[in-house]
4 protein chains.
Amino acid sequence: MTELKSRGRQRSSESEEAILTATLQLLKEKPLRDITVEAIASKAGVGKMTIYKWWPSKAYVALDAFLKTMNKMVVIPDTGEAERDLVELLGSIMSFYSSPTGRIFGQFLAESQTDREFAALFLERFMRPRREVVGVVLDRAMKRGEIDDTLDRELVLDFMFGPMVLRLMIGHGPLNKAAANAMISTLLRGIGGTTPKARRASGRRLP
Amino acid sequence: MTELKSRGRQRSSESEEAILTATLQLLKEKPLRDITVEAIASKAGVGKMTIYKWWPSKAYVALDAFLKTMNKMVVIPDTGEAERDLVELLGSIMSFYSSPTGRIFGQFLAESQTDREFAALFLERFMRPRREVVGVVLDRAMKRGEIDDTLDRELVLDFMFGPMVLRLMIGHGPLNKAAANAMISTLLRGIGGTTPKARRASGRRLP
Amino acid sequence: MTELKSRGRQRSSESEEAILTATLQLLKEKPLRDITVEAIASKAGVGKMTIYKWWPSKAYVALDAFLKTMNKMVVIPDTGEAERDLVELLGSIMSFYSSPTGRIFGQFLAESQTDREFAALFLERFMRPRREVVGVVLDRAMKRGEIDDTLDRELVLDFMFGPMVLRLMIGHGPLNKAAANAMISTLLRGIGGTTPKARRASGRRLP
Amino acid sequence: MTELKSRGRQRSSESEEAILTATLQLLKEKPLRDITVEAIASKAGVGKMTIYKWWPSKAYVALDAFLKTMNKMVVIPDTGEAERDLVELLGSIMSFYSSPTGRIFGQFLAESQTDREFAALFLERFMRPRREVVGVVLDRAMKRGEIDDTLDRELVLDFMFGPMVLRLMIGHGPLNKAAANAMISTLLRGIGGTTPKARRASGRRLP
DNA sequence: CTATAACCGAGACGGTACGTCAGGTCTTCGC
DNA sequence: GCGAAGACCTGACGTACCGTCTCGGTTATAG
């Protein structure tokens, strides 16, 4: 079947490009909430209608703009040792989210609180891929027996991302190398103590 | 020391009451972002200026309104067993955050992304007390040796709250009794596997 | 030269029409000061911005609305006799200014006291044309020798309008047919008496 | 009948003084419309209630403040010649109305357009006395036969004040010595020309 | 010489309108 | 026939004053 191009002028990829670029630039200057569609249109040299035609709201534009810059840099560590891999991975994720660009993540989460449709899109297009990267490392470690393979994969991922995201959004704790180390170490070994009760608690893996 | 009351008419506690009540009611109907100061003022039978005079923005009003309902119901479980206590506590926290009222929490976190001053206030007035409740349970368990008392208390708290908050905000996973169970269980025992490597990893507490 | 129409949507003449009509109607109900831009916008089914975009303040809108109704009814009397013409003209002017619509004149004069820009516009667009009508009658009479053609035309016009406007604004004297008669009669003959001194005063036209 | 002083604290003349002084000062800075009761109260170091207690609106305060400065300087010229007296009188009135303080007159006239009660008060307390001063000069001249004593006194006064007030409010003509001269001269001799028709018109006083 | 008024300053209050801003839609014209 | 330009309606913003209503406190007359 041939691609039947509709008559008339085609969607201008230049415009799309300009819109995303302008949005990205604005996102570096101020939070998403303070950005207006008019500002994007003006900076991109584009009519507001053109934006509304292709995106439901500025949040979707921002997400597209954000994804455009993300889809390159992903290096999945594979040292053969789970703890080292996870620490490295969590550390690099932290450092990105702490960066000016990465902070936009919080804005997307914020937007997700009031726009469920956007939330779903954000989950599929941003979160899932990001989680999958960690998932790959987990899978390898599980296969090697370094991580309990009876655990719910999603739950483990939530333990990887949850504390970090919490610190990112509330800003009550550090997001550095040491934090990554402590998190992974604690997560691997659990918080249970050494008393009989604790031993019972941790007994699952003891003969 | 003498309480020097300022001259002039005193702040009307009736108005304050009406404002907080109206805000709370509106928060049950729609998200904070869709609530306007004018709507609050109108519903409370109050002038807009009265609101702007005492609160910097509607988010602060909402926080006060929210806190007013929170400062009652807190029951700290104390069964003598860490796992049971934590599961119960996490479960009740989850069920609150999943409730119509509790969902406001997400809105506050959203607001915190663009208003750092509000973020600080939210942390102090809402998060810290909430975390402290969990902290009490942790302390007891640490004293009993059920939880490793060498761990950073804040980190453990982030592991308690992080995964739950993540699910709350993204909505990708359940927040029910089973989830609470799984989370606490995993957190206590860690995710490390049974291989030598894993044993090394978890070896800290093994002779 | 080609009329270069700017791009984009054109100014809506329907909105303009609606705004002026609504304003006119409101002016019949209450004084300009009690009219709000919001009321005009609401009654015209128009956004406030549309009003602010094209007029600096409600006074300018009111002036436009007022002028729209004025630019029809002007009949310049020409009986061939100055006194008759002037009495008729002054009488009709009086009766208009005394009418509900005409009372708006006072409001414009009031507005002129605090907005010099408006004052200038009001002078050019309203006062000058109105004075010119009287000027035409004066010119004819001067040509016929019925009125001293050495007099400053502007001064004579001020004598025609001044007393009437004063009574209109202060409301201390009548504005009826008899008043018009008395005013014109007095103006034509002067107030000087019959004594030698007066004769000297009025002697200019006596041999 | 005895003056029954009511019980309780008496009206503070200091406050009244302060209010009027502050108002007068503000009136020199900006038009009445731009002055707020709050500004007066603040500048006078007085509560708003004290102002509202004694005056219905700021216009009344302003009128009182204005009258306080007026009730001194009145010199009624009496050279024995009507034209000279009138020119001098009109000239001095003009120069006052053109002064910064005198311009307030226009604001009072403006206020009168929308507050009929104020209009009445302004007429009685300000206009009437001012007109009476001119009336005195007219009476003398009428007695001397220099001015036609069959004329309506009020009408003549309107011819004295009308043109000047018109120029004051619209600003389309000068208000100086020359203008005063021209006005009085024209008023005394009338505007009628020299043709038979004009003579008929002016014939009243010619045998 | 105490009690009772009426006044006063301060300032919070319920309102109304302000003039601005951005959202999202609609219309015109140029490419 | 798409898309820039831009005018439109809507609704909320945060501010300014309005005129009223407490407050705590200060005179002044009356008993």
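Throughout, a chain's letter reflects where its sequence line sits, starting with A, and its residues are numbered from 1.
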Name every donor-acceptor pair, under 3.5 Å, that has one atom in a side chain of residues 24-35 of chain C and the other anywhere in the protein, sequence neighbours excluded.
{"unit_1": "Arg33(C)", "atom_1": "NH1", "unit_2": "Glu111(D)", "atom_2": "OE1", "d": "3.0"}

Contact nearer the 5' end of DNA chain E, comparing Lys53(D) with Thr50(B):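 Result: Lys53(D).
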Provide, to the nearest angstrom, the distance between the [atom1] atom belonging to [X] and the [atom2] atom belonging to [N].
X	N	atom1	atom2	result
Glu14(D)	dT26(F)	CD	P	15 Å
Ile51(A)	dC2(F)	CD1	P	18 Å
Glu17(D)	dC8(E)	CD	P	14 Å
Gln10(C)	dC8(F)	CD	P	10 Å
Glu16(D)	dG9(E)	CD	P	12 Å
Met49(D)	dG19(F)	CE	C1'	9 Å
Lys58(A)	dC21(E)	NZ	C1'	12 Å
Arg11(B)	dG14(E)	CZ	P	11 Å

What nitrogen or oxygen pairs link the protein and nucleotides 1-5 of chain E at under 3.5 Å?
{"unit_1": "dT4(E)", "atom_1": "O3'", "unit_2": "Arg7(D)", "atom_2": "NH2", "d": "3.0"}

Does the side chain of Trp54(B) get closer than 4.0 angstrom to OP1 or OP2 of dC13(E) through an N or O atom?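 Yes, because at least one side-chain N or O of Trp54(B) sits under 4.0 Å from OP1 or OP2 of dC13(E).
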OP1, OP2 of dG9(E) versus side-chain N and O of Ser15(D): anything below 4.0 Å?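 Affirmative; the distance criterion is met.
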What do you reckon, are the aromatic ring centroids of Phe126(D) and Phe66(D) less than 6.0 Å apart?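 Ring centres of Phe66(D) and Phe126(D) closer than 6.0 Å.
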Counterpart residues, salt bridge (charged side-chain N to carboxylate O under 4.0 Å, His left out), relative to Asp64(D) (two or more places apart):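 Residues passing salt bridge (charged side-chain N to carboxylate O under 4.0 Å, His left out) with Asp64(D): Arg125(D).
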Any residue of residues 32-46 of chain A with a heavy atom less than 4.0 Å from an atom of DNA chain F: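 The answer is Gly45(A), Val46(A).
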Please list all pairs meeting ring-ring contact (aromatic ring centres under 6.0 Å, His included) that have one or both residues in residues 23-56 of chain C, counting only residues at least two apart or in different chains.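 Pairs touching residues 23-56 of chain C that pass the test: none.
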Mapping Ser12(C) and Pro56(B) onto DNA chain F by nearest heavy atom, which one lands closer to the 5' end?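 Its nucleotide being nearer the 5' end, the pick is Ser12(C).
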Met169(A) and Leu109(B): which non-hydrogen atoms are nearest, and at how many Å?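 Closest heavy-atom pair between Met169(A) and Leu109(B): CE-O, 4.2 Å.
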Looking at residues at least two apart in the chain, or sitting in another chain, which of them share a ring pair (Phe, Tyr, Trp, His ring centres under 6.0 Å) with Tyr60(B)?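 Residues passing ring pair (Phe, Tyr, Trp, His ring centres under 6.0 Å) with Tyr60(B): Phe118(B).
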Write out all pairs satisfying salt bridge (Lys or Arg N to Asp or Glu O under 4.0 Å) with one or both partners inside residues 112-121 of chain D, taking only residues at least two apart or from two chains.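 Listed by first then second residue: nothing to list.
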For the side chain of Tyr52(B), counting heavy atoms from C-beta on, which of dG3(F), dC13(F), dG23(E) is nearest?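 Of the options given, the side chain of Tyr52(B) lies nearest dC13(F).
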The side chain of Lys48(B) lies closest to which of these nucleotides: dA5(F), dG19(E), dC13(F)?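 Nearest to the side-chain atoms of Lys48(B), counting from C-beta on, is dC13(F).
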With Glu17(B) via side chain to side chain contact (heavy atoms under 4.5 Å, CB included) - residues at least two apart: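 Expected list: Thr21(B), Lys68(B).
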Can you name the residues that form a side chain to side chain donor-acceptor pair (under 3.5 Å) with Glu38(A), not counting sequence neighbours?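 Counting only residues at least two positions away or on another chain, Glu38(A) forms a side chain to side chain donor-acceptor pair (under 3.5 Å) with Lys48(A).
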